[in-house]
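Since this is a predicted model, take the numbers as computed values, not measurements. Residues take their numbers from the sequence shown, with the count starting at 1.
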Amino acid sequence: MSVLVERMESRLFNGTVADEMIASLTDAIQERGRASLVLAGGMTPGGVYRQLSIPPRVDDLDWSKVWMYWGDERFVPHSDGRSNFKMVQETLLSQLGERSPKVLPVDTSLSSVEEAAAAYGELICREEKLSPGQLPVFDLVLLGIGEDGHTASLFPGSPLIQRTGGICFSDNHPSDGSQRVTLSVDAILAARRIAYLVKGESKADIVREVLEGAGNVDQYPANIYRRASGQVTWFLDSGAALKLAPERAG
Ligand code: 6PG
């Protein structure tokens with residue numbers, strides 16, 4: 001496992017991350033004939049997804065070989081403004097035209113969030129051709145981080161942080177109570193590459209805590225990166241990196 005921290009001016013963030021995504025996915029397609037991408041929700045990644053949806057970048061990737069999953073989802077209709085699927089639909093999918101990735105959202109029309117989580121885990125097993133109990137090895141998992149240190153929908157103090165043996169679980173947001181479906185810690189950590197996308201001074205404290213602090217995963221679930229199997233990259237704009245120790249020269 002290697003951890004890279006990429007700091008950059010805010011104006012460069014979306015394009016830099018979009019370029020890195022294209023490079024990772026293209027490598028996967030060249031090596032294995034397909035690429036599995038897990039998208040992050042929230043507000044931060046929208047600008048990155050927009051950069052992917054327009055020339056020149058939109059023509060730099062063979063979208064037909066990309067399997068597109070969600071790292072977490074709110075248990076609301078896909079038409080709901082809180083839906084991570086809707087955010088990706090608006091910022092990326094609606095612009096792809098004939099380019100057709102395999103789009104695999106969480107089915108939030110099912111009768112319960114528990115059923116949706118179980119069904120999503122089964123869908124991932126089918127699409128990734130897994131044996132029972134086998135974990136997916138996604139080529140690239142995008143994650144955000146909340147100011148409380150959550151990532152995906154793995155929240156501080158959640159029993160899901162220590163839970164093993166599953167691909168997808170459900171939980172409730174600790175403050176707003178919203179029902180969530182989330183990839184498991186194991187499914188995230190098995191990825192070939194994990195990329196955290198973090199922008200803004202409001203995240204500077206939690207970024208310093210998670211990159212330079214004690215590493216408690218129950219307190220700050222984003223600390224799970226320390227147990228990742230593959231490459232971990234933290235993409236930070238200057239605001240998010242504000243309180244980190246100065247970069248070592250060279
Ligand atoms: C969600 C995300 C969540 C998000 C962080 C950061 O569904 O909200 O999966 O984990 O990545 O909360 O969100 P922002 O990018 O909006 O700060």
All side-chain contact (heavy atoms from CB on, under 4.5 Å) counterparts of [X], not counting sequence neighbours:
X	answer
Ser10	Asp237, Ser238
Gln30	Thr26, Asp27
Glu201	Leu242
Pro132	none

Exercise. Does anything in residues 67-78 pair up under salt bridge (charged side-chain N to carboxylate O under 4.0 Å, His left out), and if so which pairs, sequence neighbours excluded?
Worked result: Asp72-Arg180

Exercise. Can you list every salt bridge (charged side-chain N to carboxylate O under 4.0 Å, His left out) pair that touches residues 33-59, not counting sequence neighbours?
Worked result: Asp19-Arg57, Arg34-Glu128, Asp59-Arg99

Exercise. In a check of side-chain contact (heavy atoms from CB on, under 4.5 Å) between Leu160 and each of Asp171, Leu183, Val185, which one passes?
Worked result: Asp171

Problem set entry | Option passing side-chain contact (heavy atoms from CB on, under 4.5 Å) with Ile145 (candidates Val198, Thr44, Leu197, Asn223) |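 For Ile145, the side-chain contact (heavy atoms from CB on, under 4.5 Å) check succeeds only for Val198.
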
Exercise. Passes side-chain contact (heavy atoms from CB on, under 4.5 Å), Lys199 versus Asn14? Steps please.
Worked result: CA-CA 10 Å; Lys199 291 177 78 174; Asn14 293 335; 3.8 Å; yes

So [Y] and [X], do their side chains get closer than 4.5 Å, heavy atoms only?
X	Y	answer
Ser109	Pro77	no
Leu52	Gln95	no
Glu6	Thr16	no
Leu236	Leu211	yes
Lys86	Asp80	no

For this session: Check step by step if side-chain contact (heavy atoms from CB on, under 4.5 Å) holds for Glu20 and Thr233.
Result: CA-CA 10 Å; Glu20 283 282 327; Thr233 308; 5.6 Å; no

Determine which pairs satisfy ring-ring contact (aromatic ring centres under 6.0 Å, His included) with at least one residue from [range], sequence neighbours left out, and list them in order.
range	result
residues 4-45	none
residues 145-168	His150-Phe155, Phe155-His173
residues 181-203	Tyr196-Trp234
residues 80-134	Trp70-Phe85, His78-Phe85

Minimum heavy-atom separation for [X] to [Y], with atom names?
X	Y	result
Arg7	Ala241	CD-CB, 3.9 Å
Leu135	Gly166	CD2-O, 3.9 Å
Ala245	Glu212	N-OE2, 2.8 Å
Gly42	Asn84	N-OD1, 3.2 Å
Gly239	Ala204	O-CB, 3.5 Å
Ala190	Pro136	CB-O, 3.4 Å

Problem set entry | Glu90 backbone acceptor or donor facing Ser94 side chain under 3.5 Å |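 Looks like yes, one N/O pair under 3.5 Å.
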
Exercise. Counting N and O atoms only, with roles assigned by atom type, does the side chain of Ser229 sit under 3.5 Å from a partner on the main chain of Leu189, one being a donor and the other an acceptor?
Worked result: yes

Starting from [Y], can I reach [X] by hopping between I/L/V/M/F/W/Y residues whose side chains sit under 4.5 Å apart?
X	Y	result
Leu110	Val181	no
Met68	Leu61	yes
Leu142	Val137	no
Val17	Ile54	no
Met1	Leu140	yes

For this session: With sequence neighbours left out, write down each residue that passes ring pair (Phe, Tyr, Trp, His ring centres under 6.0 Å) with Phe75, or none if nothing qualifies.
Result: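 If we apply the ring pair (Phe, Tyr, Trp, His ring centres under 6.0 Å) test to Phe75, skipping adjacent residues, there are no hits.
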
Exercise. Does CZ in Arg163 sit with more than 12 non-hydrogen atoms of other residues, nucleotides or ligands closer than 6.0 Å?
Worked result: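 It does not: Arg163 CZ has 12 such atoms or fewer within range.
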
Exercise. Is the number of heavy atoms from other residues, nucleotides or ligands under 6.0 Å of Arg82 CZ greater than 12?
Worked result: no

How many angstroms lie between atom [atom1] of [X] and atom [atom2] of [Y], to the nearest 0.5 angstrom?
X	Y	atom1	atom2	answer
Gln231	Ser24	CD	OG	7.0 Å
Glu209	Asn216	CD	CG	9.0 Å
Thr151	Tyr225	OG1	OH	12.0 Å
Leu104	Ile124	CG	CD1	8.5 Å
Gln219	Ile161	CD	CD1	12.0 Å
Leu93	Trp63	CG	CH2	8.0 Å

Exercise. Between Trp67 and Asp139, does a side-chain contact (heavy atoms from CB on, under 4.5 Å) hold up when you go through it step by step?
Worked result: CA-CA 10 Å; Trp67 270 245; Asp139 291 300; over 6 Å; no

Exercise. With a 3.5 Å cut-off and no angle check, do the side chains of Asp186 and Ser184 form a donor-acceptor pair?
Worked result: no

For this session: State which residues pass salt bridge (Lys or Arg N to Asp or Glu O under 4.0 Å) with Asp148; sequence neighbours excluded, sorted by chain then number.
Result: none

Exercise. After noting the C-alpha distance and the side-chain angles of Val76 and Thr108, does the key distance pass the side-chain contact (heavy atoms from CB on, under 4.5 Å) rule?
Worked result: CA-CA 6 Å; Val76 295; Thr108 57; 5.9 Å; no

For this session: For the pair Arg192 and Glu31, find out whether any cationic side-chain nitrogen is under 4.0 Å from an anionic carboxylate oxygen.
Result: no

